[in-house]
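Scroll down for the structure; my scribbles are underneath it.
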Amino acid sequence: MSGETTRTCYLPAARLAELYELKTLSPVEVVKEALARIADIDGHVNAYCLVDEEAALAAAKVSEDRYMKGEPHGLADGVPVSVKDIVLTKGHTVRRGSRTTPENAPDRFDCPAVGRLRENGAVIIGRTTTPEYGWKGLCDSPLTGITRNPWDTSKTPGGSSGGAAASAALGMAHLNIGTDGGGSVRIPAAFTGVFGFKATFGRVPVFPPSAMGTLSHVGPLTRTVEDAAMMLNIMVQPDSRDWSALPYDPWDFRTGLDLGVRHLSVAFSPSLGYAKVDPEVAAIVADGVKVLEAQGAMIEEVDPGFDDPKEMFSAHWDLGASRLVDKVPQDLRSQMDPGLLQIAERGRQLTLARYADAVEARVELGRKMNLFHDTYDLLVTPAMPIPAFMAGQDLADPNTQNDWMDWSPFTYPFNLTGQPACVVPCGFTKAGLPVGLQIVGRHYADPLVMQAASAFEKTRPFQIPDAPNVAH
């Protein structure tokens, strides 16, 4: 890494707060650098669809004044934050990657995650790109075009939180809000080499509810595990608008990050019993598992014992897509992503009986995983079976694949079960593309998943790109 990585844009968020309190660094300086970095490099990756410079600088000045008075306001005071463009933010117009949304209709309120971060002094610097309505595990949309991978701009960063992941990787914001309905935090974390965390369903309050229902989560994308833990401390704070949210637990997710994985029982499933994994990716992931074993984890190679749940997932996903599209006036739908229209049509063809079967199968999957975790504390898998592929296309292999779930078999099962799951960067292919390791815990074991991720990070610190690797 070059000397640029010592700039404030690459300092951990927790370190920023320390330096602010010491008055050796100002939130205004940090926010100005973040904005300058976006201006300098985002043209190569297209991570941002809105940069709110005026509001960000005003919030940074207010934060600076608080620190000068010795009265910081919360865990993230003065820390730059980006918000995925399907997450409501007061004063911003949420466009959802769609030409069919209003151009100037500012939101009247913050969603819970944004509201809690703002209450903790965070500085909202802008909105990150998403595919239309977050419908796929990629990041291109009719509205904002193609978002690209920082490690190779000819490749996709994954999605649907691809803009958030690129922002994290390139130091354009320290904390980045993503959403995950089938892997949309973890897929781009794997493809861009950052840390992504999907908490137990209900841990992070959500409002308004997603069209994808109980599949959908809001989660952090960051450059370190500790930053994600700090961010989660804020995001889990209660909000009565989400009736399905778990009771608030004031646990500090930074607690226990140094406890390691010694004596933990860890199941390693290289394929979940059904996925085809690129040999180079498989080898890098297997080497990553050895890191946990060397730290004292008791590793057993074993599959959790379920068949590919794609069909039951698709029933839920396609129905959500049809609900999204059906709310768009008929005369505007020609402007929408053809892939979204296709799965929406599949959702319209879904019978009540087939949906009921999918719900029943989902219950059985959840039961199996509960029983599996009676034996194993954690499950580790590849995050993705392949490295990042060409940007702007929906399929890695059009000859064998029909939709994005076919090239992302490891993530969506754990949206169905609602378990906590994260992705840690675990290495690079010979072509220089990141590979991710997924760590899954039993329901409500979010701190343990964080603990294992932190143990991995301490042995294999995450690497970050100094600047976009621009393909020619």
V225 vs M450, side chain to side chain contact (heavy atoms under 4.5 Å, CB included): CA-CA, chis, key distance, verdict
CA-CA 7 Å; V225 174; M450 281 278 191; 3.9 Å; yes
| Are side-chain heavy atoms of W251 and D446 found at a separation under 4.5 Å? | no
Review point. How far apart are the C-alpha atoms of D110 and R116, what are their side-chain angles, what is the distance that settles it, and do they pass the salt bridge (charged side-chain N to carboxylate O under 4.0 Å, His left out) test?
Key: CA-CA 9 Å; D110 289 326; R116 300 298 83 76; over 6 Å; no
Donor-acceptor pair, S161 side chain versus T179 backbone, under 3.5 Å? yes
Heavy-atom check, side chain of S141 versus side chain of T130, under 4.5 Å: no
query: Can any side-chain N or O of R127 pair as donor or acceptor with the backbone N or O of D52 at less than 3.5 Å?
result: no
Tell me, do R108 and L88 make a side-chain contact under 4.5 Å, heavy atoms counted?
no
Q) Between K290 and E293, is the closest basic N to carboxylate O distance under 4.0 Å? A) no
Q | Under 3.5 Å: donor-acceptor pair, side chain of H217, backbone of G418 | A | no
Is a donor from one side chain sitting under 3.5 angstrom from an acceptor on the other, for S82 and N176? yes
Of all heavy-atom pairs linking F389 and I386, the shortest is CD2-CD1, 3.8 Å
OG1 (T144) and CG (L50) are apart, to the nearest 0.5 Å, by 12.0 Å
Quick check: does any side chain N or O of K198 sit under 3.5 Å from a backbone N or O of Q419, one acting as donor and the other as acceptor? yes
**Q.** T101 side chain to S98 side chain, donor-acceptor N/O pair below 3.5 angstrom
**A.** no
Output for pair (W135 CH2, M212 CE), nearest 0.5 Å, gives 9.5 Å
Exercise. Under 3.5 Å, is there a donor-acceptor pair between the side chain of D85 and the main chain of V94?
Worked result: no
- Item | Test item: side-chain donor near acceptor, Q330 and R333, under 3.5 Å | yes
ring-ring contact (aromatic ring centres under 6.0 Å, His included) test vs F313 passes for just one of Y412, F414, F306, namely Y412
- prompt: For the side chain of N415 and the backbone of L215, is there at least one donor-acceptor N/O pair under 3.5 Å apart?
  reply: yes
- Without swapping roles, check the side chain of R262 against the backbone of G296 for a donor-acceptor pair under 3.5 Å. no
**Message:** Test your reading of the model: is there a side-chain donor-acceptor pair from T411 to the backbone of G182, 3.5 Å cut-off?
**Reply:** yes
Non-hydrogen side-chain atoms of F462 and R223 separated by less than 4.5 Å: no
Evaluate R96 against L324 for side chain to side chain contact (heavy atoms under 4.5 Å, CB included), listing each step before the verdict. CA-CA 11 Å; R96 300 180 175 88; L324 283 170; over 6 Å; no
Requested in this report: Would you please say whether a donor-acceptor pair under 3.5 Å links the side chains of T147 and T129?
Outcome: yes
Crowding at CD, E360 (>12 non-hydrogen neighbours, <6.0 Å):
no
D140 (side chain) donor-acceptor with G392 (main chain) under 3.5 angstrom: no
Should the heavy atoms of other residues, nucleotides or ligands under 6.0 Å from CG of D287 be counted, would the total exceed 12?
yes
Please lay out, stage by stage, how D318 and L350 fare under the test side chain to side chain contact (heavy atoms under 4.5 Å, CB included).
-> CA-CA 8 Å; D318 297 351; L350 185 70; 5.9 Å; no
**Message:** Run W151 and F428 through ring-ring contact (aromatic ring centres under 6.0 Å, His included) and show every step you take.
**Reply:** CA-CA 10 Å; W151 296 95; F428 291 84; 4.8 Å; yes
What one should report as the nearest heavy-atom pair of A421 and V440 is CB-CG2, 4.0 Å
Checklist entry - Hey, mind stepping through R254 and D252 against salt bridge (charged side-chain N to carboxylate O under 4.0 Å, His left out) and telling me if it holds? => result CA-CA 5 Å; R254 297 169 297 184; D252 186 340; 3.1 Å; yes
- prompt: Is the shortest heavy-atom distance from the side chain of I86 to the side chain of Y133 under 4.5 Å?
  reply: no
Validation row: C49, R95 side chains within 4.5 angstrom (heavy atoms): no
On a heavy-atom basis, the closest approach of Q438 and R186 is OE1-NH1, 2.8 Å
Test side chain to side chain contact (heavy atoms under 4.5 Å, CB included), reference R348, set I343, L319, V325, output is V325
- request: I would like to know whether S244 and T214 meet side chain to side chain contact (heavy atoms under 4.5 Å, CB included); could you show each step before the answer?
  value: CA-CA 9 Å; S244 64; T214 55; over 6 Å; no
Rounding to 0.5 Å, atoms CG (N370) and CZ (R442) come to a distance of 8.0 Å
task = Give a yes or no on this: more than 12 heavy atoms of other residues, nucleotides or ligands lie within 6.0 Å of atom NZ of K276.
result = no
Distance col, row R241:CZ vs C111:SG, nearest 0.5 angstrom, shows 7.5 Å
Check your understanding: Got a sec: does the CD of E311 have more than 12 other heavy atoms crowding it under 6.0 Å?
Key -> no
- [ ] Hey, can you tell me if W407 and F191 have their rings parallel, tilted or perpendicular (30° and 60° cut-offs)?
- [x] parallel
All heavy atoms of L257 vs all of A229, minimum pair found to be CD1-CB, 4.2 Å
Scanning both residues in full, the closest heavy-atom pair of S408 with I187 reads OG-CD1, 3.3 Å
Original post:
So, do V185 and F197 sit near enough that their side-chain heavy atoms are less than 4.5 Å apart?
Top reply: no
| query | Q295 side chain to A455 main-chain N or O, any donor-acceptor pair under 3.5 Å? | reply | yes
Closest non-hydrogen contact found for P150 with T192 is CD-CG2, 4.0 Å
Rounded to the nearest 0.5 Å, the CG atom of L379 sits from the OG atom of S265 at a distance of 11.0 Å
Q. With a 4.5 Å limit on heavy-atom distance, are the side chains of R460 and L437 in contact?
A. no
Rounded to the nearest 0.5 Å, the CG atom of L378 sits from the CG atom of L292 at a distance of 8.5 Å
(request) For the residue pair K84 and S160, confirm or rule out a side-chain donor-acceptor distance under 3.5 Å. (result) yes
